[in-house]
Every structure is written in structure tokens, then in C-alpha cells.
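Every chain is numbered from 1 and lettered A, B, ... according to where its sequence line falls, protein lines coming before strand lines. Predicted, not measured: the structure shown is a model, and the values here were computed from it.
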Number of protein chains: 2
Amino acid sequence: MKLKDQNTEATILEAAKHIFMEKGLYGARMQDIANQAGINKALLHYYFRNKERLFDEVFGGALERYFQNMDIISDETLPIIERVLTYSNRFVHFLAEYPQMSIFLIKEISSNQALFHLKVNGIKKDKKYSLLTLLNEGIRNGELPSLDPVVFLMNLHSMCAYPFVAAPIFQVICQSSGVQWADSNHEKLLNSIHDFIHFKLSKSNL
Amino acid sequence: MKLKDQNTEATILEAAKHIFMEKGLYGARMQDIANQAGINKALLHYYFRNKERLFDEVFGGALERYFQNMDIISDETLPIIERVLTYSNRFVHFLAEYPQMSIFLIKEISSNQALFHLKVNGIKKDKKYSLLTLLNEGIRNGELPSLDPVVFLMNLHSMCAYPFVAAPIFQVICQSSGVQWADSNHEKLLNSIHDFIHFKLSKSNL
DNA sequence: TCATGGTTTAACCAAATGGTTAACAAAGGT
DNA sequence: ACCTTTGTTAACCATTTGGTTAAACCATGA
């Protein structure tokens, strides 16, 4: 009975992640979280003062992990195009590992932008390691062709993230056209994204 | 006082759209909707039996409009690539007109997939006018290069829809890199999407 | 052993919320 | 004028839900 002890808090957080990701802030019930964690509801309030704080923890954690994943961490001596390819790989694999993450963030961000801005300001974002900075640098020094870095970033992120966000919609589209749908074949997706990166960032394509 | 009469129902629906799109099914309060419509809460139940039915109306309507927009309606004598370009134009302009639409659908679909499948089955989807069918046809008869139509469709939809879905995230990314962010410049986006379509669907690119 | 302090629970509470009721108002047909 | 139907409201109700409380539990050190 007392085996849990210190990990009770972790158990609760795990359960809260699960429920909040599925139901969202408003849809989630404290009782559901308690059930999921296998504990009494009052214990939630013992570890986390109230629903808002518990949610903050989950939301903030997810945001942080999400934005961490957007740093360019690859070897600085590599050509920019290689680093962007690596970036897209990391992004897709990250999303494949946490398929609900994007949906959760988008849901909650859209329904509480104030909290989002508050939380995101608390996360240190290093300009030095951002994709936009890298692109701008490459364009300035001629390593990349001249293109709009914001549009490119949007295209890239879109192609990486939206398949996870809109998976149920894509399933239905495929079904209704009688096309087979392989849920987990992210390699094909990545190949196409790599093609796109080469297309946009290779100078030979001009 | 009695001026409204027949349009009360429409007023309620309009208010419900507004509130549900902003807050989602769980976050929306019947009282909020009544306030937004400027009427008594009981009147909601007079026109729509309960919250679920009112939501169904909004959700179903949104779904229908969304999927209607996915029909290929352009002139059949045009080259396929032209028709796909037109398709992307329509899609982006549609989303630009209803920027919350995608987020709303994704939110609610992800938190109630059963309802989604139920509703979507009630919408007649004509294989004949689907993008996938068109692509398959073009590939079969050699008008298009050989490519995976599902991946292409995912890429295309992603680039069109995700900028609206993740607008707040993109804003933050741009801000934190000190890049100016023009919210409404969809023409740049469309240009890039058109480039992509040409890149993928032109045989000359092989 | 037993006192102590952190941990856990059952029972409870107040507020919020979806939904109902009964009465009233307006309009239209007779 | 009067009855019926439709539209509208204030007040009310039952349930759900986030949150609290007081008591119990249990490991541990004096």
C-alpha cells in the first residue's frame, strides 16, 4: 500500500497527461485523473493544489518538450541543407512518438492563448539555434537560394506535423476513395519531405 | 420584442457556432451561447432539445462544408495539374475565410472519433470528385509522373491547412527569431504551394 | 513503544451547469 | 372579443464537479 511513496506524484502526472491529452482542460475530470492514477481524488489536491496547477504542469511540460525539439542541434560544420534534413527527421520522429502532442497543444493554445504566451515566455528560446536564423544565415552568405524563410518554415512544419494532427481526416479521405491507408509508414512521408527540402534549398534547382 | 420570430433559430445557431468554435464542446456553456444570442437560456432548449443536439448541428454543418470543399469541381477538360492548382486555391481561400474551422474540427474529431465517423458517413462523398481519384487516374494514364498519391495529398493538405491550425505557434516562432510576421499574407503561401504542385506533378521534373 | 509527520482516504460542501416548469406575451384564426 | 398556438422568460431543480476537512494510516526515529 505504501510502496508508491515518492512516485505517487509522478504517477499522478502521468495520469494527468493521459487524461488531459485525451479530453482537454475542460473535458478532463479530476475524478478521471484520480481513477487513472488509481488513487483518491483528494490526493490530487494534496500534490497539486488544484486543477489549474495540475494542468499547467502538463501543458508547460508538453510545450517545453515541443519547443526543445525545434532547436537546431546538428553539427555546425555540416551544410545547411543536411542540417535541415536532420531537423525534419527529428521532428517527425518526435511527433510519431507522441502522436497526440500536437493536437493537444493546438487545442489548448487555441482556447487559451493568454496562458500559451505566458508559458512560452518562460521557456528560454535561443535565437542561435532556431531554424529561421539558420535559413537567414544561409541566404545571406549564399549557401542557400533566395527564398522566404518564413514560408519555407511553415511548409516544412506543416508537412511534418499535420499528418499527425489530421490523421483521422486523412483516414476517412483514403477510405472513401477506396485507398489503403498505412497509419505508421512515416518513412514515405519523410522521403517526400526530404525531396521538398532539396527542391527548395538546392541552388541547382534555380 | 417579437421582431426576431423566425430568425431566432438562426441567431442561436450563429451564436452556438461562435461559442463552440472558440471553447469546444466541453468548454462551451449553454449560458454563454444564450448570452451571445441575446436570449434566455431556456429558449435554447426550446429550439434544440439539448446541448448535444445543438452541438451536433454545428459540428455536422462544419464537417459538411469542410468536405464539400474537397470536391474537385473544376472543368474536366483542363490538365490535371491545373485542376490541382485550382483545388489548392479554393482550399486555402476557404480556410482563410473560416480560420477557426480546421482547429475546431480537429479538436472535436480527436476527442470524439465515434461521432466523427457517424457524421461523416452521413455525408455523401463522391469518389468521382475526389483528389485521390483524380491523381490515380493521371498516374495510370501517364499524364502525371508516378508518385504516391496519398503522400502527395497529405503534403498538399498539410501545407494548406496547418498554417491556419498552428498560427499562434508560428507567430511565436517568428517573434522569438525577431522576424516580422504578416498574418494575412496567404498569397505568398499559395505561391509556394503552387511551386510544390508543379515540382511534384510535372513530368519535366523527372 | 509511542509520538511525529508525511501520506491517503471517505465523507462532505458549495458552486456551476444542463435542463425543466409554469406562467406570460404575441399573433392569428374563428 | 376569445381561444389556440407559438415564442419567451424568470425561477427552479438535480446532478456534476472542483475542492475541503477531519480522521485514519504508516514509516520512522527517539
Over how many whole Å does the gap from [X] atom [atom1] to [N] atom [atom2] extend?
X     : N      : atom1 : atom2 : answer
B:L54 : C:dG19 : CG    : C1'   : 13 Å
B:L44 : D:dG7  : CG    : C1'   : 13 Å
A:R53 : D:dG18 : CZ    : C1'   : 15 Å
A:L43 : C:dG6  : CG    : P     : 15 Å
A:H45 : C:dC12 : NE2   : C1'   : 14 Å
B:F48 : D:dG7  : CZ    : P     : 12 Å
B:R49 : C:dT21 : CZ    : P     : 12 Å
A:N40 : C:dC12 : CG    : P     : 14 Å

State whether A:K188 and B:D148 are salt-bridged, where the test is any N-O pair (Lys NZ or Arg NE/NH1/NH2 against Asp/Glu carboxylate O) under 4.0 Å. yes
Consider the side chain of A:Y47, meaning its heavy atoms from C-beta on, and name the nucleotide among C:dT7, D:dG19, D:dA10 that approaches it most closely. C:dT7
Proximal nucleotide (of C:dT21, D:dT21, D:dG18) relative to the B:A42 side chain: C:dT21
Indicate, with yes or no, if the rings of B:H157 and B:F91 have centres closer together than 6.0 Å. yes
With a 6.0 Å cut-off on ring centres, are A:F104 and A:F20 close enough? no
Gap separating the CZ atom of A:F164 from the OH atom of B:Y162, nearest 0.5 angstrom: 11.0 Å
Taking only residues two or more places apart in sequence, or in another chain, which ones meet B:F48 in a ring pair (Phe, Tyr, Trp, His ring centres under 6.0 Å)? none
If the cut-off is 4.0 Å, is B:Y46 near the phosphate of C:dG19, judged by side-chain N/O to OP1 or OP2? no
Taking only the side-chain nitrogens and oxygens of B:T8, find out if one of them lies under 4.0 Å from OP1 or OP2 of D:dG7. no
Within residues 25-33 of chain A, residues whose heavy atoms come under 4.0 Å of DNA chain D: A:A28, A:R29, A:M30
Using only heavy-atom distances, decide whether a donor-acceptor pair under 3.5 angstrom links the side-chain of B:K41 to the base of C:dG18. yes
Candidate list A:T133, A:L132, A:L144, test side-chain contact (heavy atoms from CB on, under 4.5 Å), partner A:P149, passing option: A:L132
B:N50 near the nucleic acid: base, sugar-phosphate alone, or nothing, with a heavy-atom cut-off under 4.0 Å? sugar-phosphate
For a salt bridge (charged side-chain N to carboxylate O under 4.0 Å, His left out) check, start with the C-alpha distance between B:D71 and B:K128, then their side-chain angles and the critical distance, and finish with the verdict. CA-CA 9 Å; B:D71 282 342; B:K128 199 179 157 197; over 6 Å; no
